[in-house]
Amino acid sequence: MNFQNEIIKWYKLNKRDLPWRSTTDAYVIWLSEIILQQTRVEQGLPYFNKFLQHFPKVEDFANASETHVLKLWQGLGYYSRGRNMLFTAKQVMELHGGIFPVKYDELIKLKGIGEYTAAAISSFANNQSKAVVDGNVFRVLSRYFGVEEPINSTLGKKEFTELAQSLIEDQQPSLYNQAIMEFGALQCKPKSPLCSICPLRLNCFAFKHNKVDILPLKLKKVKIRERWFNYFIGVKDDHVLTKQRKPGDIWEQMYDFPLIETLDNEEYLKPDFWNQIKYLFGNEVNIKLLSQKKHLLTHQIIYVQFFGLDNYIVNFNLHAEIKSVLIEDFKALPHPKVISNFIETYL
DNA sequence: AACGCGGGGCC
DNA sequence: GGCCCAGCGTT
């Protein structure tokens with residue numbers, strides 16, 4: 001039996017029952033695919049259900065506010081996905097009359113839909129013969145066929161894409177694409193793959209050559225940036241000080257507190273730090289350290305300090321980015337995880 | 001081609 | 001602590 005048939009046979013015996021597999025509605029599949037980008041199924045599943053409940057049709061999504069979308073997305077990360085979905089939902093209403101496209105060439109033009117997602121939607125919703133190439137597929141193909149080109153090199157991406165596309169010819173596209181990804185997720189896992197019970201092990205290059213734990217190859221690692229965030233919590237008459245984060249940095253468009261970012265762990269003890277605080281909150285202001293958190297992200301480590309403000313005055317004309325809003329309204333806004341965690345404990 | 005973008009789970 | 005997860009957009 002060839003590779004594809006083994007994969008499909010394995011899939012029929014071992015597949016999970018996932019909600020987006022029981023539909024060919026391109027909108028629903030799009031919802032699931034965007035949510036699952038760089039996201040584990042278990043983490044994305046509750047968000048998928050929540051979004052489908054709030055926005056049953058693409059029209060409902062298109063009519064939502066960005067704040068509402070980001071609020072529903074809160075906690076999932078990579079928030080540009082949510083913003084791009086709103087943009088694309090509007091596009092689908094305007095350019096496609098509310099009918100979500102199912103052809104690869106149309107899908108690839110939409111914001112937030114790249115090669116993987118266009119292949120996924122077009123194959124699942126339309127049985128178009130486009131091979132998905134995601135992290136699972138890279139791993140399975142690299143190990144089974146012994147492809148040793150790095151998966152994140154230009155040549156590697158080309159090789160894997162061509163190999164994947166050659167394998168899907170003459171297959172049922174939807175079934176085969178689902179199967180190879182599920183096989184990668186459950187059987188041919190990154191760590192501790194289940195080789196001893198794998199039906200493909202006898203013809204697997206990596207198993208034969210004892211390279212399971214080094215394949216696939218990947219070039220270098222991301223450099224992690226360290227940052228120091230000092231947040232200031234001003235509460236007065238059921239209102240709290242807040243600001244919206246600007247483009248060009250993490251958590252774009254989401255809401256946090258007035259912030260002084262420092263360049264290291266010591267700087268907040270120095271006079272300049274106090275000058276900034278007095279500039280923002282007046283000369284009579286007092287601060288009290290409320291909590292410290294080390295917030296770990298893939299590309300950044302953020303050391304966060306929360307200071308409570310006392311006896312403060314804000315000149316809202318001078319500091320137009322800072323707003324004072326009802327605490328209950330503030331809680332309804334979208335916040336990054338480190339902020340929503342703080343809110344739960346302190347507000 | 002390289003980089004920025006979240007949060008969580010696993011080893 | 002490092003790696004990976006149904007990747008994509010920007011520069």
Side-chain angles (χ1 to χ4, degrees), chain A residues 15-16 18-21 29-48 70 73-85 87-88 107-121 123-124 130-140 150-158 160-161 164 174 177-186 188-193 213-225 227 245 247-254 293-302 334-341:
Chain A
K15 65 177 177 181
R16 291 168 290 185
L18 299 172
W20 45 84
R21 290 201 176 130
I29 293 167
W30 168 69
L31 212 50
S32 73
E33 291 301 337
I34 304 295
I35 287 172
L36 292 174
Q37 286 169 2
Q38 294 292 285
T39 304
R40 291 166 196 280
V41 165
E42 311 82 71
Q43 189 186 3
L45 189 49
Y47 285 85
F48 170 79
L70 287 176
W73 205 275
Q74 178 175 299
L76 193 58
Y78 284 165
Y79 298 96
S80 64
R81 291 181 291 173
R83 297 196 309 273
N84 288 339
M85 284 185 96
F87 184 91
T88 288
L107 291 162
I108 196 73
K109 296 175 187 167
L110 298 173
K111 193 170 274 190
I113 297 183
E115 289 183 27
Y116 162 77
T117 305
I121 299 174
S123 65
F124 300 156
K130 277 284 186 179
V132 292
V133 185
D134 73 333
N136 294 307
V137 174
F138 278 123
R139 187 170 55 256
V140 172
I151 62 174
N152 55 344
S153 69
T154 304
L155 178 59
K157 284 176 196 163
K158 186 171 182 295
F160 281 99
T161 302
S174 177
N177 271 343
Q178 293 276 1
I180 190 169
M181 286 196 287
E182 189 79 333
F183 181 79
L186 300 182
C188 196
K189 300 183 291 181
K191 307 274 184 182
S192 320
D213 46 357
I214 66 160
L215 291 176
L217 296 180
K218 195 172 182 178
L219 294 173
K220 55 183 171 178
K221 8 196 170 279
V222 294
K223 201 168 66 180
I224 297 181
R225 177 158 66 129
R227 304 176 75 176
R245 294 188 59 81
D249 201 352
I250 55 168
W251 308 322
E252 183 176 332
Q253 300 292 86
M254 303 184 73
K293 295 288 175 192
K294 184 178 177 181
H295 191 61
L296 301 171
L297 304 174
T298 303
H299 308 277
Q300 300 185 15
I301 300 174
I302 306 179
H335 311 289
K337 189 69 176 168
V338 69
I339 300 297
S340 59
N341 286 346

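Everything numeric in this text was worked out from a predicted model, so none of it was measured. A note on names: the letters A, B, ... follow the listed sequences, proteins ahead of strands, and every chain is numbered from 1.
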Heavy atoms only, 4.0 Å cut-off, all strands: where does [X] land among base, sugar-phosphate and nothing?
{"X": "Ile113(A)", "answer": "sugar-phosphate"}
{"X": "Trp73(A)", "answer": "nothing"}
{"X": "Lys111(A)", "answer": "sugar-phosphate"}
{"X": "Arg83(A)", "answer": "nothing"}
{"X": "Asp249(A)", "answer": "sugar-phosphate"}
{"X": "Glu252(A)", "answer": "nothing"}
{"X": "Gly75(A)", "answer": "sugar-phosphate"}

| message | Whether the Gln37(A) and Thr117(A) side chains hold a donor-acceptor pair (N or O, under 3.5 Å, no angle test) is what I'd like checked. | response | yes
Note to self: Under a 3.5 Å cutoff, is there a donor and acceptor pairing between the side chains of Arg21(A) and Gln178(A)?
What the structure shows: yes
Kindly compute the distance separating [atom1] ([X]) from [atom2] ([Y]), expressed to the nearest 0.5 Å.
{"X": "Met85(A)", "Y": "Trp30(A)", "atom1": "CE", "atom2": "CH2", "answer": "3.5 Å"}
{"X": "Asn84(A)", "Y": "Ile113(A)", "atom1": "CG", "atom2": "CD1", "answer": "10.0 Å"}
{"X": "His299(A)", "Y": "Lys223(A)", "atom1": "NE2", "atom2": "NZ", "answer": "13.0 Å"}
{"X": "Lys15(A)", "Y": "Leu186(A)", "atom1": "NZ", "atom2": "CG", "answer": "12.5 Å"}

Can you tell me how far [atom2] of [N] sits from [atom1] of [X], to the nearest Å?
{"X": "His295(A)", "N": "dG7(B)", "atom1": "NE2", "atom2": "P", "result": "4 Å"}
{"X": "Asn152(A)", "N": "dC5(B)", "atom1": "CG", "atom2": "P", "result": "19 Å"}
{"X": "Tyr78(A)", "N": "dA6(C)", "atom1": "OH", "atom2": "C1'", "result": "14 Å"}
{"X": "Leu186(A)", "N": "dC10(B)", "atom1": "CG", "atom2": "C1'", "result": "15 Å"}
{"X": "Leu296(A)", "N": "dC4(C)", "atom1": "CG", "atom2": "P", "result": "18 Å"}
{"X": "Leu36(A)", "N": "dC8(C)", "atom1": "CG", "atom2": "P", "result": "12 Å"}
{"X": "Ile250(A)", "N": "dC8(C)", "atom1": "CD1", "atom2": "C1'", "result": "18 Å"}
{"X": "Asp213(A)", "N": "dC10(B)", "atom1": "CG", "atom2": "P", "result": "20 Å"}

On a plain distance test, is the side chain of [X] in donor-acceptor contact with the base of [N] below 3.5 Å?
{"X": "Arg40(A)", "N": "dC4(C)", "answer": "yes"}
{"X": "Ser80(A)", "N": "dG9(C)", "answer": "no"}
{"X": "Thr298(A)", "N": "dG7(B)", "answer": "yes"}

Of all the choices, [options], which nucleotide is nearest to the side chain of [X] once you look at every atom?
{"X": "Lys191(A)", "options": "dC5(C), dC8(C), dC11(B)", "result": "dC11(B)"}
{"X": "Gln300(A)", "options": "dG7(C), dC5(B), dA1(B)", "result": "dC5(B)"}
{"X": "Ser192(A)", "options": "dC5(C), dG7(B), dC11(B)", "result": "dC11(B)"}
{"X": "Arg139(A)", "options": "dA6(C), dG7(B), dC5(C)", "result": "dC5(C)"}
{"X": "Asn84(A)", "options": "dG7(C), dG9(C), dA6(C)", "result": "dG9(C)"}

More than 12 heavy atoms of other residues, nucleotides or ligands under 6.0 Å from CD of Glu115(A): is that the case? no
Contacts of Lys337(A) and Leu219(A) projected onto DNA chain B by closest heavy atom; the upstream (5') one is Leu219(A)
Are [X] and [N] close enough that a side-chain N or O sits under 4.0 Å from OP1 or OP2?
{"X": "Gln37(A)", "N": "dG7(C)", "answer": "no"}
{"X": "Thr117(A)", "N": "dC8(C)", "answer": "yes"}
{"X": "Trp251(A)", "N": "dG7(B)", "answer": "yes"}

Assert: residue with more 5' nearest nucleotide on DNA chain C, out of Gln43(A) and Ala118(A), is Gln43(A)
- Message: Taking only the P atom of each, what is the distance from dT11(C) to dG6(B) in whole angstrom?
- Response: 15 Å
inquiry  = In whole Å, measure the gap between the P atoms of dC5(B) and dA6(C) for me.
reply    = 23 Å
